Amino acid sequence: MTRTDPFATSLRTHLGGELRASHAGAKVRLGGWVHRARNLGGLVFVDLRDRAGIVQVSFDPAYTPAEVLERAASLGNETVVLVEGTVMARPQEMRNADVATGDIEVRATGLEIVGPAVPAAIPVARSRNENLAAEELRLRHRYLDLRRPELQKNIVMRHRLMQRARRFLSEQGFLEIETPILTKPTPEGARDYLVPSRVHAGEFYALPQSPQLYKQLLMVSGFDRYFQIARCFRDEDLRADRQPEFTQIDIEASFVDQEDVMALAEGLIGALWAEAGYEIPERFPRITYADAMERYGIDRPDLRFGLEIGDASKLFATLDFAPTKAALDEGGRVRGIVVPGGGKLSRKQLDELDVVAKSAGARGVLRVKRTGDTMSASKAAELLGVEGAGKLGIADGDLALFVAGPDHVTSPALDRIRQELARMLDLIPAGERRFVWVVDFPMFEKDPSTGALGAVHHPFTSPLPEDVSLLASAPQRARARAYDVVLNGTELGGGSIRISNPETQGKIFGLLGIDEATATKRFGFLLEGLRAGAPPHGGIAFGFDRIAMLLADAGSLRDVIAFPKTTAARALFEGAPTQVPAQDLEELHVKVAEAQA
RNA sequence: GGGGCCGUAGCUCAGUUUGGUUAGAGCACUCGACUGUCACUCGAGAGGUCGCGGGUUCGAGCCCCGUCGGCCCCGCCA
């Protein structure tokens, strides 16, 4: 028994899942879990599972000592065993083409039970037609769920992506630098997770929402290429693609412009997708924010299908049609989508689209259908006539859907309609990957309830040089040196060129309603840093969990995170959060407002 | 903060439409048979707070109210 395998230890010689026909004749010692056992009476087969896969171990009186065979016959699923035996090529008729190790089996001569197991609370080996256990149970018994080959595959992919990112960035001269987890609360943005200080009564740390300020200060310090696989925390309500703690590939560089960061990001994405076995374009196309909103109604367009949004306001202005007239009179627009061959959509499907649009805030969807030279489906269709239809590009057999109102209503509604149409008409080609940069984001957006300006990206984002003059006159029209990279309608990451001039930073704070005293209190250490000699700098951050989910082809973020939280931000396995002893609270100078029943 | 769906054996699910005998099936588990299986097969058995609390009713897994938990969505997430 020679230890030639890199996974060999004092207890084992190989990973069973890696054994192949080339190992035939080898004497091996394996460690693993009993995935399944088949006892034929006098003959026992055990599927032994380790992280590399599953291998069949056979126990036969012809080569297995009686007491070993007896022990094998008693094995329960998920028991941990050490097996000793010889790898044998299986005769042709006994091979199993469904398993990677199916050309061989291990003929056992020894068996040791090293980890007896009670029956598993949720099955690791599922029978056919058996669904996965409820996610609640999978999270509660995470150690079992993580034994499933599918999840192991995801976690392995995550590891590979993480290493590939590290290697790629290191090779580009980026330094991996850790930043604090106990940091300063930030009133902007998402809610912070707070950590009370024991030493300083009444004071709190916060967990970082991102290492933003630290990485800018690292630029000020001269570490001109930084990266970090950074854990970030945001205390907001969750979604399928949102966890309270998540991981970003965080990048910042000095003496760079937008082009440099974008080129680097394209390189990194190319490397990550290559790691998962996909070849993608070296450069990604670009679209401005304004263009994206106009043509797709959203700032992260899915370019895998057409159905672009058009403006039909001019034509509708000539029609004596009250609903659209009213919207136009109020300064809104009539925008719509022409659906080639859309005439075949059923009444039920059209009603579904109506529901989708209404849930996005629209009053309703106006339908225009053309069959030959007959216009139907709405009063507006008749008023429009064939001539109007021609002007809008509505051909025989087509359907057009219009929404009227201000852009902040029509855009989201048409975005939802567009996506729903693509699904209904099966327009999304399988395996298609359409990367796109969205650039020239506005600097600010108005809070609809208060009317106050807020930063679209974050308050440290630099304006486009040609728009600096707008800051004083029309800040809402000023565009930012910010960029998002989008794949198939999913945002992978985003970043910006930062403000490296303390005066400009002060102006931006002013526009955001942060006076000098407040700015000093909250971001003083950044402003001080900028005054101490700051290079031009910028960066980008990628949502690593989401990328891992895409590349592992996982159905949920929770399937690429070893120990995820539920949508109520609970950890079911370890049971966090939890109450703590009164004495601990006292020491932290914390009083719980209402006694828990 | 709001809306939707779900919760029946250790697990996956029937049963809820129309309230009515002792709540079923497959897998897992226990016992037995079986020498080439690979979802082994076959026989037998054990296993239930129908999430929890309250209500309506002669009678509730099923109807009503509340509550807990999970998932999805809106708000929120610079």
Side-chain angles (χ1 to χ4, degrees), chain A residues 35-48 54-62 64 69 73-74 76-78 88 90-91 93-99 101-102 105 107 117-141 144-145 186-192 209-210 212-213 232-244 246 356 359-361 412 416 441 443-445 447-449 452-461 480 482 491 494 496 508 512 514 522-523 543 555-556 558 565-568 570 572 597:
Chain A
H35 189 66
R36 245 188 212 110
R38 292 174 292 282
N39 184 347
L40 274 61
L43 194 61
V44 176
F45 297 94
V46 169
D47 290 340
L48 186 73
I54 290 169
V55 67
Q56 173 167 286
V57 180
S58 65
F59 299 80
D60 184 319
T64 308
L69 191 57
S74 74
N77 288 349
E78 298 308 313
M88 296 294 289
R90 297 196 204 176
E93 69 278 10
M94 289 183 200
R95 290 186 187 167
N96 184 348
D98 298 333
V99 184
T101 58
E105 68 176 10
R107 299 195 162 175
V118 296
I122 56 171
V124 177
R126 267 180 303 155
S127 51
R128 263 177 215 167
N129 303 325
E130 188 177 7
N131 291 333
L132 277 180
E135 189 151 20
E136 182 177 352
L137 294 164
R138 294 174 45 209
L139 292 172
R140 205 174 287 285
H141 306 285
L144 287 174
D145 201 35
T186 50
E188 272 72 32
R191 269 184 288 269
D192 283 322
Q209 294 180 27
S210 85
Q212 182 62 33
L213 297 180
C232 305
F233 306 85
R234 292 178 191 174
D235 187 5
E236 295 293 346
D237 290 339
L238 307 182
R239 290 287 188 283
D241 59 352
R242 242 196 263 161
Q243 282 273 307
F246 59 99
V356 157
S359 75
R416 295 285 305 277
F441 277 82
M443 286 285 289
F444 310 105
E445 66 192 341
D447 185 303
S449 53
L453 286 187
V456 168
H457 188 55
H458 57 53
F460 319 110
T461 301
E491 182 191 329
S496 65
I508 299 296
L512 291 170
I514 304 171
R522 292 179 187 170
F523 308 111
S556 156
R558 294 181 292 274
K565 307 258 187 303
T566 68
T567 48
R570 273 188 185 285
L572 295 182

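Keep in mind that what you see is a predicted model, and the values were worked out from it rather than measured. First the proteins, then the strands, lettered A, B, ... as listed; each starts at 1.
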How many whole angstroms separate atom [atom1] of [X] from atom [atom2] of [N]?
X: A:Leu139; N: B:C6; atom1: CG; atom2: C1'; result: 16 Å
X: A:Asp237; N: B:C76; atom1: CG; atom2: C1'; result: 6 Å
X: A:Asp235; N: B:A78; atom1: CG; atom2: P; result: 12 Å
X: A:Leu137; N: B:G69; atom1: CG; atom2: C1'; result: 11 Å
X: A:Asn131; N: B:G70; atom1: CG; atom2: C1'; result: 16 Å
X: A:Leu238; N: B:G70; atom1: CG; atom2: P; result: 11 Å
X: A:Glu136; N: B:C72; atom1: CD; atom2: P; result: 13 Å
X: A:Arg522; N: B:A78; atom1: CZ; atom2: C1'; result: 12 Å

> Is there side-chain contact between A:Asn77 and A:Val124, with at least one heavy-atom pair below 4.5 Å?
Replying inline: no
> Is there a side-chain contact between A:Leu453 and A:Met443, using heavy atoms and a 4.5 Å cut-off?
Replying inline: no
> Given that both distances must come in under 3.5 Å, which nucleotide forms a Watson-Crick or G-U wobble pair with B:U30?
Replying inline: B:A44
> What is the base-pairing partner of B:C5, counting Watson-Crick and G-U wobble geometry with both distances under 3.5 Å?
Replying inline: B:G70
>> Heavy atoms from C-beta onward define the side chain here; which of B:G70, B:C77, B:C71 lies closest to that of A:Leu572?
In response: B:G70
> Which of the following nucleotides, B:G70, B:C76, B:A78, is nearest to the side chain of A:Arg242?
Replying inline: B:C76
What are the two closest heavy atoms between [X] and [Y], and how far apart are they?
X: A:Leu512; Y: A:Ala455; value: CD2-N, 3.4 Å
X: A:His457; Y: A:Gly494; value: CE1-C, 4.2 Å
X: A:Ile122; Y: A:Ala133; value: CG2-CB, 3.7 Å

>> Between A:Thr567 and A:Gln212, which residue's closest nucleotide on RNA chain B lies nearer the 5′ terminus?
In response: A:Thr567
Across the strands shown, which category fits [X] at heavy-atom distances under 4.0 angstrom: base, sugar-phosphate, nothing?
X: A:Ser210; value: base
X: A:Pro459; value: base
X: A:Val456; value: sugar-phosphate
X: A:Ala568; value: sugar-phosphate
X: A:Arg416; value: nothing
X: A:Leu132; value: sugar-phosphate

Please give the distance between the [atom1] atoms of [N] and [M] as a whole number of Å.
N: B:U37; M: B:C73; atom1: C1'; result: 48 Å
N: B:G55; M: B:A60; atom1: P; result: 12 Å
N: B:G24; M: B:U16; atom1: P; result: 15 Å
N: B:C65; M: B:G4; atom1: P; result: 12 Å
N: B:G15; M: B:C58; atom1: C1'; result: 24 Å
N: B:G70; M: B:A28; atom1: C1'; result: 23 Å
N: B:G43; M: B:C27; atom1: P; result: 10 Å
N: B:C42; M: B:A25; atom1: P; result: 16 Å

>> I'd like to know if A:Arg140 reaches the base of B:G69 with its side chain, counting only an N/O donor and acceptor under 3.5 Å.
In response: no
> Under 4.0 Å between a side-chain N/O of A:Arg138 and OP1 or OP2 of B:C71, yes or no?
Replying inline: no
> With sequence neighbours excluded, what pairs up with A:Ser58 under the side chain to side chain donor-acceptor pair (under 3.5 Å) test?
Replying inline: A:Tyr63, A:Glu105
>> Please determine whether a side-chain nitrogen of the Lys or Arg among A:Asp47 and A:Arg38 lies less than 4.0 Å from a carboxylate oxygen of the Asp or Glu.
In response: yes
>> Between A:Arg107 and A:Thr64 (side chain of the first, backbone of the second, donor and acceptor by atom type, cut-off under 3.5 Å), is there such a pair?
In response: no
> Does A:Glu236 reach the main-chain N or O of A:Arg191 with its side chain, forming a donor-acceptor pair under 3.5 Å?
Replying inline: yes
> For every nucleotide of nucleotides 26-38 of chain B, 5' to 3': is a protein heavy atom under 4.0 Å from its base (B), only from its sugar-phosphate (S), or from neither (-)?
Replying inline: BS------BBBBB
